[in-house]
Structure formats: structure tokens, C-alpha cells
Amino acid sequence: MQINFIPIDYDYFDFQGRTYAKIVGRTGKDKQVCLIDSCDIYFWAILKPKITDKKIKQIQEKINKIKVKQASRESRVLKTELHNKNFLGKPVKAIKIFITNHKDAHAIADKLGMKEIDKRREYDLNFITKYILERKLKPLTWYNIEGEVLANSQKFNGIDNSINTDLVLEVDKIQESNTKKDFSPKILAYDIEVDELEIGKGEILMISLVGENLKKVLTWKKSSKKSYVETFEDEAEMLEAFIKYIKQYKPDILTGYFSDGFDLPYLKARAEKNHIKLNLGIDNSQPRFSRGKLLTGKISGIIHIDLLRFIRTVYSQYLKSETLSLDEVALELLGEKKEDFNAYEAIKSGNPNWEDFFKYNLQDSVLTHKLTEKLWPDLFEMVKIVEEPLFNVSRAGLSSLVESFILHNLEKYNEIAEKRPIHEEIGNRRKKRSVEGAFVLRPEPGLFENIAMFDFTSMHTSIMVSFNISKATLLEKKQKNSYESPELEFENKKKKFYFSKKQGFIPLLLKEIFDKRKRFKQEYKKDPNPITKARSNVFKLLSASVHGYQGFFGARYYSLEGAASVLAFVRKFNKEIIEQTKKAGFKPIYGDTDSVAVQLGKNTKKNAKEFLKKINSKLPGIMELDLEDFFKRGLWVTKRTGGFGAKKKYALIDEKNKIKIRGFETVRRDWCNLARQTQNQILKLILTTGNEKKALEYVKQIVKQIKNRKIPLHQLIIKTQLKKPISEYKSINPHVLIAKKMQEQGLPVNIGMLIEYYIAELETTKKRVLVRERAKLPTEPGKYDIKYYLNNQILPAVENIFQVFNINLKEIIEGKKQMSLGDF
DNA sequence: GAGCTCTTCTTACC
DNA sequence: ACTGGTAAGAAGAGCTC
């Protein structure tokens, strides 16, 4: 039988001691299909140089006899082959060792103690990755599959009887299809509401399910007039209905928001309590949880996506939201709000408004469903580009995305994959002192006009490509005709590193990323749509992560020497460009890592563009300096401590009057809204008018309002994130004390939560009172502390802005002096 | 307990 | 533990006198 097929979920199983892949996907006619397939399972023994053919034969014979007894199976070597391969860019002879069971690769590799064997590799790749590489059955790509239908077959212990797909097929032939068909997955979103947040401790009150033609709230608490609410006898019945609906709907994707850490484990726990099998899997298996630092829930045959995890690693950098709560993210990306309903209060009251509660529960799934659809192009493109299954990609960190991209592209270079560092190696790497980073030019404080901002295109990546920097191209010592890093400090010594001029495979891959980043950015500009945007973003992300990957202790292709060299080049080129701008008659104001802001001075915009052209004709390799934009005005301020310019803080206004604020309190979520909004307003007034007059009036107004207690409390709330368990804090800052207080009051306190408080006046005779002693929960009654908000929020936020105009705001606020230098 | 420096902590930038 | 380094700035900890 031949079918059209798109792989979605990958899994594997053991049968008679061998490993088989089980791939669930869809046909062109939208049937759900499960493929059973096998692939060669092997790893590599890389030989030392100059081993005779005779010796190699002997070694192969020895290896051929290796057997390993594990718990319930015996694993053995099937055969061996000798190949010419590359390892870290160098040609090697390597023995390809075929084995019966993937799980025993490590155990067999451990038996290869022969002194002629230099290294053993690829026994640590996971089976799914190997399978995709071996059979070239890439996720979310259309194929023509030929195979034998398994129907009531005795094969694989009658596996087809236990798998609930329309078809189970044992694969014969795989061929990539050249039809460019679209694929829209069936997405089902879910969300639960409970009466006790600790996993499994309370009961599940209701579950909402939202798909394309499905909107349900399942509950056992109360009947409802709403058509989408279905009421059951008890929690157990509700859970069974939940399972039934999922099985009926047959989603490709089951999606939740924080569902890895909450909804799915809770459902599992409650199902156990009620003696129900949560058999959501396509083979009736229950969700499996793996424990990393984060709990991860996998359902066989259905991709379980915890959208929060994808948003956190991949998408959060494009968001303005201050938290990644469903509420905020949905508002930003969809323009839709959650239902205005306090679930926690509702539960605590014991007598909630159930109709509102149902509506709220449904809305959460509606939003999760919409968000998943909205981010589908991003998920899809990422999967296509790194060639790992959706389940993994949706949870992967930046380093593993980069690494997957590398691993799936090694074949072009005939490369054997480097091993993953083991525990001890990770420890050693982490102990190393970090390498010196980028250069930041200290700005001259002031308000400047006619500014141009230049920046390098993907600077770190372009340096790695241009100077062939990678683990594999690093030379042990200086060689004729090699790339040489600038002098740098490494392990407390002055050093230079050298890199071969023979193109390495990693720099070549990075060039591919760099080129595509540029190409897809152009494509997006020409034709802005979700697909081109997603593609552009994936390469932007990969490009921005490769340097960090190289310096990451968990990386297979880790090279601290490489990372140090890249950064030395980054410093060198930024400083050089700053010098060049001076020579060309610009006045550099500020620069950070890959950028420099200059005053045009006597130069015109045309001169600026010519300057770029000239620079680019001289920059090495693929390095490129770009014009970020021209700005009408820009403001830099002094540090609060020390009378010189503050780095990483500036505000610019472009020619379309669009304001860009970096680093200022305005963009920091741990300042109260009043301070942030006041500062924002002042920056806006100064940048648009070019002087401080209106801004000063504005600030005086605000000060007056504070003094007259006219400011509503919500403007004064300070939010600080709790980053670790309360007991681990050495320093009890206000937010830690408030968190403690909340815990004592029985309020939910979780790591990662934003703790909210305000500073109130305290009746005391003590002269010195700590801030934390005055901190109160927003629900606690109290009078806000006028002095605190003036001196610790408003003043620090605006003081150094006015200092640029020689105005001493402190004196004005305190009313000691109405006139200052600026008034003359 | 005032005044100081150092450390801890959070959140930004690139 | 899950990309890296640089930086600002608040508030507490801990010291001296």
C-alpha cells in the first residue's frame, strides 16, 4: 500500500530485543496513520592513525563477538564496517558498529577497550534523532510511504490492535514527496481549575476543551444553562468524559499553558486517585513524565505542547509583556483579555459564581487555542529547520536548537558527531572562569541632535565565519597562513588563538545561517506574513545563539578558546569603528558590543551612508556594518553614583517621532508605575521639544499630587520577582518579606511569581526603619509613604535627566530652593 | 545608632 | 543546568566608632 504521509509524533519501542520506531502522522486525506519502521542502529569507533589493515580486521572480528546482557535482553553486535569519515574536520578511519538495540549502545561502547581505538562516538545520540538522520523521515514534511498494512496481524505482538489510528503500516519505502501541500494540525487546547494548587492535593473542579468545532467545559460541581457546560456525577465521571472527548477529537496537538508543570500532572494524579487510567495515548498509554529541572509530559501519538515553554525560550524576546502569564501574552499577541475573574478568591470563598467560573475556564482554553494557532508558523518553521520533532522543539532551549541544527547537517561534511559532555566534564567546564566579554563605550551625558546609529549584522556569527572560529578549526599553535585572534586574557595569561584557514564545517554551517538570516529578513520585509516572519525569526534566533552555544558548558561543540576569540574580535572591531567614525568627522556618543551611536556633526546622512560603504569595503570576510537608523535626538544621563555617563541607558527619537527607550526605569518592571510613567512622559517631552521646560512642569505636578495623597494605590505597587525559595535568601529584601507574609496568610507563593507590595508610613519612634518594615501587601490598609515615593521612586527616576540641563530637582522637590542654574 | 563599604538581588542591554 | 558577558541600581548585611 502506498500513502501520502506527514510525520508528526515520533516514539520507539522494543520488540524481541530490537528497537523500532513508531511514527504517528496524517495522510493527505486526513487519516491518522501510525508507521512502524526500523533503521540501522550503530555507533562509531574512531581508530588511531596508522593502524594496519590487518590489525583493523582483527579488531573488527573482536568487536563482532561483543555481547551484552542487560536486564531482560541480550544485545549484540550485528556487523562492523570500515569507513573513511571526518571527525572535527580531520579525516579518520572509523569502524561502524551495528548493534541490535539502541539502549545498549553505551554498554557495548564501554566494552571497546582496544588501545587502537581512539574515540567512540554517537552512542549518546537519542534514538529519534538517529532515526530521522538514518531514514531521512523529517518531521512535518510530506512523504510517499510504501508499506504493508498491519491489520489483525501477529507482527510485533499484534501492535496494530492496540493502536487507535485509522491505519498501521510497516514501512518498506520512504520517498520525499514533491507536492507542496500545506498542513494545518488539529489543535485541541485544555485547561483545568482546581480547589487546591498543590499537584493532586485538591480536586479538579472543571476542565475546558477547545478545538476548531469544540467548546466544552466539563464539571461535576454544578449544572448550568450554558450549552457548552456538561455536568457529571463526580470527578471520576468528568475525567472519563475528558478522555472520551480527546479520543473522539483525535488531535495532533494537545496544548495547554503551563500544562507540563500543572494541568497534565494534576490530571494524572487525580485519575490515579479515582482509579481511572488516563489512557490518552494513541496506544492507550498514560502520559509519561520525565524529570529534568522541569517536568515534561509526553502522550504517545499526540503532541503535548506546553505553550508557555515555547514562548519562554523562543518567543519572549519579541514580546513586550512583563510577565509571560496567559493574560498578558494573549493581550499582546491577540488583543484579547482573560475573563475578569479571580479564581483563587472564588475557590476560597467556597461559594463561587459558577457561571462566571465556567466562562473563565473556557476562555483560558480559547486563548491557549488561539495562541497556539498564532504561533503555529513559528513552531512549524523551527521544526523544519532544526529537523527535530515538534514535541522536542517546543520545549528545547536555545543551545539544543543550535545543536540539533548542527547534528542534522553533519552528513554533508561526512562528519561523525562529537559526544555530549558527561557529568564530570560539565563540572570542569563550569568551574572555568568566564571569558572577557564585549566593550561598552561610556557615554558623555547630554541631549544630542542628529544622530546616526550603526550596528554590525549578526556580529558574533559573522566573526565566527570570517575567521573560521570553532572547536574543530582551533590550532594548537601558530601556523603559517592561519587566522589570528587579537591578544586576549585566558586563564590569567595573555594569549592569542589561531584558527586554520581550511574552512571548518561549523563556520560553513554558520554561514548558511547568516545568509539565510539576511535573505529571510529581506523576504519578510518584501512580503510580510506570518510564515516569512516566522522563518526570519528562526534564523535570527539561531544566528544570535551560536556564539553563546560555543561557550555553553553543555555543548557538544564547546570551545572556550573560540568564544574568547570571538569576543576579542568583537571588542577590537567595535573600538576600531568608533575610531573610524571620529576620523570621518562624526562624534561618537555611545557604543555597546556591536553598535555605535554618532552625532552627524558636519556630515550629512549621505556622508553617513558613504562612510558605511567605505567601511564595508574593508571589513574582513562576511562582516558588515549596517545603518540601524537616523535619530532626531538622543539623551544620555549620568550614573546615580559617580558623575559620569551611565551605560545601557538611553532614549532616542527617530524622524517619525518614534521613541526608543533602553535601560531607563521606564522599561524596568521592578519600579512602580508612577515612577515609570512619569519618567516616560518626561523623556517624551524632552525628546520632542528639545528642552526641559514642559517636563519640569510635569514633574512638579506629579510631586504635588504625591504630597497631596492624590495618587491611587495601583500606581504605587512595586513588583519584584521571587527567583528562589524564600529560605535560600541571604538578604531579606522587601519582596522576600512580603512573600513570607503571603505564605503565612495562606496565599499561593511560587518561584517565579511577581510579588506585589507598596511602601506605607509606619508609626514608630525609631529613627531608621528598613524599607521592608514598611512594605505592605496591596490588600493591607495603610497610607502610602510620601517621602519614600518622592525620594526613592520619582526622584531617582528623573533626577539625572534634569541634571543634563543643570537643574537640581532634589532642591525643587524639597522646596528648599525654587531657582537653580537652569533658571538663569 | 549613624555612617560607611560590601554583598546580594533583580532586571536591564546586546 | 539547559546560550554568553556587561551594567545599573536598590536595599540589606555587617562593620567601625
Side-chain angles (χ1 to χ4, degrees), chain A residues 292-294 296 309 312-314 317 322 395-403 420-421 423 426-427 429-430 433-443 455-456 458-460 541-555 557-558 560 562-564 566-567 570-571 574 590-596 628 637-642 644-650 660-671 675 718-724 728-737 754-755 759 766-775 788 791-793 796-797 799-800:
Chain A
K293 196 193 169 203
L294 296 166
T296 294
R309 288 183 69 170
R312 187 179 286 143
T313 46
V314 173
Q317 57 183 321
E322 272 158 27
R395 289 169 175 77
L398 298 176
S399 69
S400 88
L401 290 173
V402 171
E403 193 155 278
R420 189 189 300 139
H423 192 71
I426 289 180
R429 291 179 184 183
R430 296 193 66 207
R433 252 188 15 155
S434 63
V435 295
E436 188 185 346
F439 168 71
V440 187
L441 177 68
R442 188 167 295 289
D455 63 1
F456 282 93
S458 301
M459 190 185 204
H460 300 76
L541 193 79
L542 286 178
S543 186
S545 309
V546 289
H547 159 70
Y549 168 79
Q550 181 174 237
F552 167 53
F553 53 74
Y557 293 97
Y558 171 81
L560 200 58
V566 170
L567 288 164
V570 167
R571 291 190 294 273
N574 196 3
Y590 176 66
D592 185 349
T593 311
D594 61 350
S595 70
V596 54
E628 201 216 281
V637 297
T638 52
K639 272 181 54 151
R640 276 180 66 73
T641 50
F644 42 82
K647 299 173 178 181
K648 298 188 188 283
K649 272 184 118 170
Y650 59 88
K660 180 172 165 175
I661 297 177
R662 291 288 120 98
F664 273 108
E665 284 73 8
T666 303
V667 298
R668 293 184 59 99
R669 70 171 179 199
D670 56 349
W671 284 72
I718 298 163
K719 299 174 189 171
T720 312
Q721 193 181 29
L722 192 72
K723 309 264 284 188
K724 53 188 177 188
E728 280 175 28
Y729 280 92
K730 288 183 194 160
S731 179
I732 310 301
N733 288 5
H735 78 288
V736 182
L737 191 75
L754 282 187
I755 305 293
I759 305 302
K766 272 203 285 186
K767 274 264 169 83
R768 201 160 69 171
V769 189
L770 293 175
V771 176
R772 67 168 175 237
E773 294 175 64
R774 288 175 283 159
Y788 177 84
N791 294 328
N792 296 45
Q793 292 280 324
E799 189 177 33
N800 37 21

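Residue numbering restarts at 1 for every chain, and letters A, B, ... go by the order of the sequence lines.
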Quiz item: Nucleotide range of DNA chain B contacted by chain A, 5' to 3', under 4.0 Å to a heavy atom?
Solution: dA2(B) to dC14(B)
Quiz item: Looking at Tyr729(A), does the NZ or CZ of Lys724(A) lie under 6.0 angstrom from its six-membered ring centre and within 45 degrees of the ring axis?
Solution: yes
Any side-chain N or O of [X] below 4.0 angstrom from OP1/OP2 of [N]?
X	N	value
Lys649(A)	dG9(C)	yes
Arg772(A)	dA13(C)	yes
Ser545(A)	dT3(C)	no
Lys648(A)	dA7(C)	no
Arg442(A)	dA8(C)	yes
Tyr590(A)	dA7(C)	no
Ser400(A)	dC2(C)	no

Measure from the side-chain heavy atoms of [X] and tell me the nearest of [options].
X	options	value
Ser731(A)	dA11(C), dG12(C), dA8(C)	dG12(C)
Asn733(A)	dG12(C), dA1(C), dT6(C)	dG12(C)
Lys647(A)	dA10(C), dA7(C), dA1(C)	dA7(C)
Arg640(A)	dA1(C), dT6(C), dA10(C)	dA10(C)

Quiz item: Any chance the rings of His460(A) and Tyr549(A) have centres within less than 6.0 Å?
Solution: no
Quiz item: Say you pick atom C1' in dC9(B) and the same atom in dT3(C); how far apart are they, in whole Å?
Solution: 22 Å
Quiz item: Does Arg669(A) reach the main-chain N or O of Glu322(A) with its side chain, forming a donor-acceptor pair under 3.5 Å?
Solution: yes
Quiz item: Do side-chain atoms of Arg774(A) reach the backbone of Ile759(A) as a donor and acceptor pair under 3.5 angstrom?
Solution: no
Practice problem: List for me each residue that meets salt bridge (Lys or Arg N to Asp or Glu O under 4.0 Å) alongside Asp594(A), sequence neighbours excluded, and say none if there are none. | Solution: none
Exercise. Could you list the residues that satisfy salt bridge (Lys or Arg N to Asp or Glu O under 4.0 Å) with Arg429(A), not counting sequence neighbours?
Key: Glu425(A)
Quiz prompt | Lys/Arg-Asp/Glu bridge criterion (N-O < 4.0 Å) met for Lys649(A), Glu665(A) | solution = yes
Quiz item: Contact class for Gln550(A) (heavy atom, under 4.0 Å): base, sugar-phosphate, or nothing?
Solution: nothing
Quiz item: At under 4.0 Å between heavy atoms, what does Arg668(A) touch on the DNA or RNA strands: base, sugar-phosphate, or nothing?
Solution: base
